[in-house]
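What follows is a single structure, written as structure tokens, with notes after it.
Proteins get letters first, then strands, A, B, ... in listed order; numbering begins at 1 in each.
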There are 2 protein chains.
Amino acid sequence: MNSQSARWNGVIDRYAKYLPVSDATPLVSLSEGNTPLVRVDNFVEAIGGKFELWLKYEGLNPTCSFKDRGMTMAVSKAKERGAQVVICASTGNTSASAAAYAARAKMKCVVLLPHGNIAQGKLAQALMYGAITVSVQGNFDEALRIVRELGETGKVDVVNSINPVRIEGQKTAAFEICDQLGRAPDFHFLPVGNAGNITAYWKGFKEYHAAGLADRLPRLFGFQAAGAAPIVDGHPIEKPQTVASAIRIGNPASWQGATNASKESNGHIGKVTDEEIIHAYKTIARTDGIFVEPACAAPLAGLIQCVKAGTIPPGSVITATMTGHGLKDPDNAIKAAGFEPFVVEATKAAVMKVIGL
Amino acid sequence: MNSQSARWNGVIDRYAKYLPVSDATPLVSLSEGNTPLVRVDNFVEAIGGKFELWLKYEGLNPTCSFKDRGMTMAVSKAKERGAQVVICASTGNTSASAAAYAARAKMKCVVLLPHGNIAQGKLAQALMYGAITVSVQGNFDEALRIVRELGETGKVDVVNSINPVRIEGQKTAAFEICDQLGRAPDFHFLPVGNAGNITAYWKGFKEYHAAGLADRLPRLFGFQAAGAAPIVDGHPIEKPQTVASAIRIGNPASWQGATNASKESNGHIGKVTDEEIIHAYKTIARTDGIFVEPACAAPLAGLIQCVKAGTIPPGSVITATMTGHGLKDPDNAIKAAGFEPFVVEATKAAVMKVIGL
């Protein structure tokens, strides 16, 4: 191996000592993790902030969402147990990841999606990776209920985040942030849907701190969409609604984990409207060239709320999780952009006219 | 900085000594590069190969294609010169990248796309990053001709690969492959469209070899789509046709570079049909969970040809560039998958029936 830059072989290989794996665990990996941490000064300037903001660009995992961190664990452990079939309910990112890792492990994969409510890219992924794809005439929470029931038959291995090893894998993102920053942040912002990720980050930050690898514990600030904000509103939402399909969840599986993370870290769980989400979604693309799926814009919209409320001390170091790439949801992007290409004939003069040269 | 894992700050930061930059060059980066090199034994087994195959997964760059490596150079150098506006012609990946880096640099971006022939994700990117997006009623080659003419006015900076610093940035992928593998491969496979990338890889492999950082020079094997194979056919193609929109180019700007790379490396430039492309595109997703845009399947289809022809010595170490992520082109993926999700009511019994439990 060339000493300058050893090859990254995924989060289990890198962080094995913090994970429930052994030499007997087969490594099912697509080299997930090791995603960029990108400082976005233009965005901070645009929203009038006086702090450092770094985005953990999880959309650059192999299936373009953070789910791959937990899925490498879930599928590796399922293979270790000799499982033949994995199953999950999903708003789309989990199913894409499960399908990819199951393919790599030569296992069957069944995914249950809420009918008519899946971003196009995510549907394309489940189909291409060869998963048995079932569109359930109900919402995510109903699909998850069926998955739990099927898991009880013992014939399938559930790889939703109710499977605790998913959380274990996902916590590695907190490790990487500390490694990349050379310290823990003062605040960490992230979207809250099924609430597995906020649970995982808090676990990760605490473990790295306990191991002496992070100098402090960040305050965790999670944001739900206003039409799908059961934790903020204090009760399950029967018909959750939001443009941010990845967090369109009315009864989060890790509700308690999210509440604990917020309380223990002196954090906050808030909500933002779809208008605020779309505004932040467009802003981060145009100020810093970072294209994310709409759910990622929830914590950015939440940060804008905090700037307005004056709750962020100047000089703070803030990190935020961008859970999935914007290419997951091209339809929403084209709608949100609010304009169409100019169509012109193939001449220099015609092009100069529309571009104002 | 924590010593375990310093932060990656993009290809200029990492490989500055091999690039035409100085302390005066502003660094416009999105932390591009550092993409995974993934070994795909399942695919090799499926095609009956007797070698190691490693995929350089360039779809995990910030805008989900390899173009970001050249674009960080092109936009940084344009900013150094004080340029206000960058322009490019594109089948979609270059425009996405130019738009993102221009946004980050606070510059204007104009992109010219062949009308009606752009993958949906790529169009979404240009619009979201805020580029002035012009759909030209002609093919890529006509759009590039207009860009060349506009460049001659001196009012815009051309960031197509006719801009030589693009090639300089792109060659860093060859450096990374050598660093990740601890050696140079015996063969490197890649798609050939406008031919900038094969030109860049050959330059990169040669420079690393000359610097004593790679122990050998690989043979470069490039593949064009049969309906857009000017180099193989020996003449420009006026109306190039292929499902692989990223290499739907009839008159490559770097034609000579491709020919040189093939000759000097004792390599090969071949062509593959759309049927072979779609077959390889589906196979790599299903055997190894790697979802790429159709153009990336051209070298995989070419490798299948080579296996059938017996031209790869057993035990060879082969690398291949997967230029863009499958999410760039969800429409083609859903079409290629060849099946639709099952739609069922939200009950355990209904789901069990369709999944055969």
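Between B:Lys155 and B:Gln84, the side chains place no donor N or O within less than 3.5 Å of an acceptor N or O (distance only, hydrogens not considered). Side-chain contact check for A:Tyr101 and A:Glu32: at least one donor-acceptor pair (N or O, by modelled atom type) lies under 3.5 Å. Inspection of the A:Lys122 and A:Ser95 side chains reveals no N or O donor paired with an N or O acceptor under 3.5 Å.
Chain A forms the most heavy-atom pairs under 4.5 Å with one residue out of B:Met352, B:Lys348, B:Glu149, B:Arg39, and that residue is B:Lys348. Between chain A and the residues B:Leu37, B:Val147, B:Thr63, B:Val134, the most heavy-atom pairs under 4.5 angstrom are made by B:Val134. Interface summary for chain B: among A:Ala100, A:Ala96, A:Ala126, the most heavy-atom pairs under 4.5 angstrom belong to A:Ala100. Options A:Gly10, A:Pro114, A:Pro330 differ in how many heavy-atom pairs under 4.5 Å they form with chain B, and the most are formed by A:Pro330. Ranked by heavy-atom pairs under 4.5 Å with chain A, the first of B:Ile87, B:Val354, B:Asp331 is B:Asp331. Counting heavy-atom pairs closer than 4.5 Å to chain B, the top residue among A:Leu113, A:Leu150, A:Val156 is A:Leu150. Per-residue heavy-atom pair counts under 4.5 Å with chain A were compared for B:Asn9, B:Thr153, B:Thr133, and the maximum is reached by B:Thr133. In terms of heavy-atom pairs under 4.5 angstrom with chain A, the leader among B:Gly138, B:Pro62, B:Ala337 is B:Pro62. In terms of heavy-atom pairs under 4.5 Å with chain B, the best-connected choice from A:Arg145, A:Glu340, A:Glu176, A:Gln137 is A:Gln137. Interface check for chain A: of the options B:Lys108, B:Lys335, B:Glu345, the most heavy-atom pairs under 4.5 Å are formed by B:Glu345.
Residue B:Glu152 does not touch chain A at all, counting heavy-atom pairs closer than 4.5 Å. Residue contact with chain A, scored on non-hydrogen atoms closer than 4.5 Å, involves the backbone of B:Ala131 exclusively. A:Val85 does not touch chain B: none of its heavy atoms, backbone or side chain, sits under 4.5 Å away. Using a 4.5 Å cut-off between heavy atoms, A:Phe43 does not touch chain B at all. With a threshold of 4.5 angstrom between heavy atoms, B:Tyr57 approaches chain A through side-chain atoms but not through N, CA, C or O. Interface residue A:Leu30: backbone and side-chain heavy atoms are both found under 4.5 Å from chain B. Contacts of B:Ile284 with chain A are absent, with no heavy-atom separation under 4.5 Å from either backbone or side chain. Proximity to chain B is limited to the side chain of A:Val110, based on heavy atoms less than 4.5 angstrom apart.
Between A:Ile118 and A:Leu123, the shortest heavy-atom contact is CG2-N, 3.8 Å. The minimum heavy-atom distance between A:Glu142 and B:Ala346, with the atom names listed, is OE2-CB, 4.3 Å. Among all heavy-atom pairs drawn from B:Ser97 and B:Asp68, the shortest one is OG-OD1, 2.6 Å. When all heavy atoms are compared, the tightest approach of A:Ile278 to A:Ala336 is CG2-CB, 4.3 Å.
Using the six-membered ring where Trp is involved, A:Phe175 and A:Tyr208 have ring planes that are parallel, under 30° apart on the 30 and 60° scheme.
The environment of A:His209 atom NE2 is dense: over 12 non-hydrogen atoms of other residues, nucleotides or ligands sit within 6.0 angstrom.
Of the candidates B:Lys328, B:His325, B:Lys67, B:Asn93 forms a side-chain hydrogen bond (donor to acceptor under 3.5 Å, both in side chains) with just one, namely B:Lys328.
Residues that satisfy the side chain to side chain donor-acceptor pair (under 3.5 Å) test with B:Asp329, not counting sequence neighbours, are B:Asn332.
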